[in-house]
Structures are given as C-alpha cells and as structure tokens.
*Asks:* 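Take this structure first; my questions come after.
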Amino acid sequence: MKIALKYGLPVTVVFAVWIIVVRLIIGAGPDSKASMLGGIVYNVVAICAIFLGIIRRKAEAGGQLSFKDGVKTGVGIACVYAIGTCLFFFIEFLVAGPKLLLADAGPTNRPLWQIAAMMYAGLFIGSLIFGLIYSTLISFFLAKRRSEG
C-alpha cells in the first residue's frame with residue numbers, strides 16, 4: 001500500500017497543478033491546445049508512476065517479481081490516482097462551483113448531478129482501465145520468466 005500511495009499521489013498532484021494552472025490561472029478553455037494536452041500529461045505521468053512503482057516493488061522483492069505482483073502493484077497505483085483525481089475535482093467543484101464541469105460537458109439538458117456523476121465515473125473507470133493496461137504491459141517486460149523444464 002505504501003508504494004501505491006507513494007507513486008499514485010504524485011500523479012494526482014501533477015494533474016491538479018496542471019488543471020489549476022491551465023484552466024484557472026491561464027484561463028484556457030476546453031478547446032485550447034493546452035487543455036487538450038492535459039490528457040497526454042496525465043497518461044505520461046501515470047505510466048511513469050506505474051513503471052517506477054513496479055520497479056520499486058521488484059527491488060523490494062530482491063529482483064524477483066511475478067507478473068501478477070507487478071499488475072497488482074500497478075493497479076493499486078492507478079486506483080490511488082483515480083480516487084485522488086476524482087477527489088480533486090470534487091473539491092474543486094465545491095470551491096469553484098460547476099464552472100469547469102460545465103465547460104467540458106457540452107450542451108445537455110440533464111441535471112448537474114447526473115453530469116457530475118457521469119464525469120466522475122468516467123474519470124475513475126477510465127483511469128483504472130488504462131492503469132490496468134499500463135500495468136499489464138510494464139509487468140510483462142519486468143516480471144521474471146519461468147524457466148522451461
């Protein structure tokens with residue numbers, strides 16, 4: 001759990017700082033190139049965190065890491081940053097109101113709580129799915145191989 005927190009929370013912090021700087025300080029809209037770059041930054045930082053976390057788990061295990069342990073470590077990190085990012089947006093929603101939420105929602109006639117619920121669920125589930133994919137790929141290359149015979 002320590003590794004998940006140590007490598008998952010920085011992803012949340014980087015993403016929160018990115019959103020605060022780009023959206024609230026610079027004032028870039030949802031269609032700007034800086035806002036579109038946010039997804040790329042989020043995923044690159046997530047991949048780096050998962051990679052470093054799995055390497056750390058491998059070092060703690062004496063250089064021997066099973067594929068399953070690597071995936072579990074990576075998904076744990078993804079879970080931490082998924083929860084952290086959702087909490088950041090929830091706190092941002094409480095502090096700044098629905099300004100950012102409605103800027104990305106597009107035209108809709110749904111109640112605000114449904115828009116928020118769908119966006120939080122999408123962010124959380126998407127982070128977990130991509131975290132699982134990244135963990136699987138990284139673990140495939142870093143895990144020990146069983147010897148034949």
Side-chain angles (χ1 to χ4, degrees), residues 1-61 65-143:
M1 185 59 147
K2 281 177 147 181
I3 290 177
L5 289 173
K6 181 177 181 177
Y7 292 97
L9 289 177
V11 177
T12 301
V13 170
V14 166
F15 191 67
V17 168
W18 178 269
I19 293 297
I20 289 168
V21 168
V22 170
R23 289 310 231 4
L24 300 177
I25 295 175
I26 296 174
D31 294 332
S32 76
K33 290 181 182 177
S35 290
M36 291 181 200
L37 195 60
I40 295 170
V41 169
Y42 185 68
N43 283 299
V44 167
V45 172
I47 290 168
C48 291
I50 290 171
F51 178 75
L52 293 172
I54 292 174
I55 291 223
R56 176 70 177 259
R57 173 75 69 201
K58 185 175 181 177
E60 287 180 357
L65 182 73
S66 69
F67 177 77
K68 179 181 170 184
D69 288 337
V71 171
K72 283 172 43 178
T73 301
V75 170
I77 293 168
C79 188
V80 168
Y81 69 71
I83 291 169
T85 305
C86 287
L87 283 174
F88 162 73
F89 277 114
F90 181 72
I91 292 169
E92 182 276 327
F93 178 77
L94 292 176
V95 171
K99 181 171 79 172
L100 287 180
L101 185 66
L102 293 177
D104 289 337
T108 184
N109 56 0
R110 294 182 179 207
L112 184 60
W113 70 268
Q114 286 181 350
I115 295 169
M118 287 189 296
M119 290 183 84
Y120 292 135
L123 177 64
F124 182 77
I125 293 169
S127 294
L128 287 181
I129 289 171
F130 279 106
L132 176 63
I133 292 168
Y134 301 151
S135 300
T136 302
L137 291 173
I138 293 167
S139 295
F140 177 77
F141 291 107
L142 295 179

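Values in this document were obtained by computation on a predicted structure and should not be read as measured data.
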*Asks:* Is the closest side-chain heavy-atom distance between F89 and F15 below 4.5 Å?
*Replies:* yes

*Asks:* Who passes side-chain hydrogen bond (donor to acceptor under 3.5 Å, both in side chains) against T136, sequence neighbours left out?
*Replies:*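 Expected list: none.
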
*Asks:* If you round to the nearest 0.5 Å, how far is CD1 of I77 from CD1 of I54?
*Replies:* 6.5 Å

*Asks:* For A78 versus S127, what's the shortest heavy-atom pair and its separation?
*Replies:*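 Nearest pair, atom of A78 first, then S127: CB-O, 4.0 Å.
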
*Asks:* Y81 and ring pair (Phe, Tyr, Trp, His ring centres under 6.0 Å): which single residue from F124, F130, F88, Y42 fits?
*Replies:* Y42

*Asks:* Once rounded to the nearest 0.5 Å, what's the spacing between atom CZ of F90 and atom CG of L123?
*Replies:* 14.0 Å

*Asks:* Between CD1 of I3 and CD1 of I55, what distance do you get to the nearest 0.5 Å?
*Replies:* 11.5 Å

*Asks:* So, taking the atom named CG in L132 and the one named SG in C79, what distance separates them when rounded to the nearest 0.5 Å?
*Replies:* 12.0 Å

*Asks:* Can you tell me how far OG1 of T73 sits from CD1 of I138, rounded to the nearest 0.5 angstrom?
*Replies:* 11.0 Å

*Asks:* Work out which heavy atom in G70 is nearest to a heavy atom in S139; give both atom names and the distance.
*Replies:*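 Reported closest heavy-atom pair: C-OG, 2.9 Å.
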
*Asks:* Looking only at non-hydrogen atoms, find the nearest pair between L5 and P10 and report the distance.
*Replies:* O-CD, 4.0 Å

*Asks:* Does some side-chain heavy atom of Y134 sit less than 4.5 Å from a side-chain heavy atom of N43?
*Replies:*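 With C-beta onward as the side chain, the pair touches.
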
*Asks:* Under the side chain to side chain contact (heavy atoms under 4.5 Å, CB included) test, which residues partner L87, sequence neighbours left out?
*Replies:*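 Counting only residues at least two positions away or on another chain, L87 forms a side chain to side chain contact (heavy atoms under 4.5 Å, CB included) with I83.
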
*Asks:* Any non-hydrogen side-chain atom of K6 less than 4.5 Å from a side-chain atom of R56?
*Replies:*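 Result yes, sub-4.5 Å side-chain heavy-atom pair found.
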
*Asks:* Rounded to the nearest 0.5 Å, how far does OG1 of T85 lie from CD of E92?
*Replies:*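 Answer rounded to 0.5 Å: 12.5 Å.
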
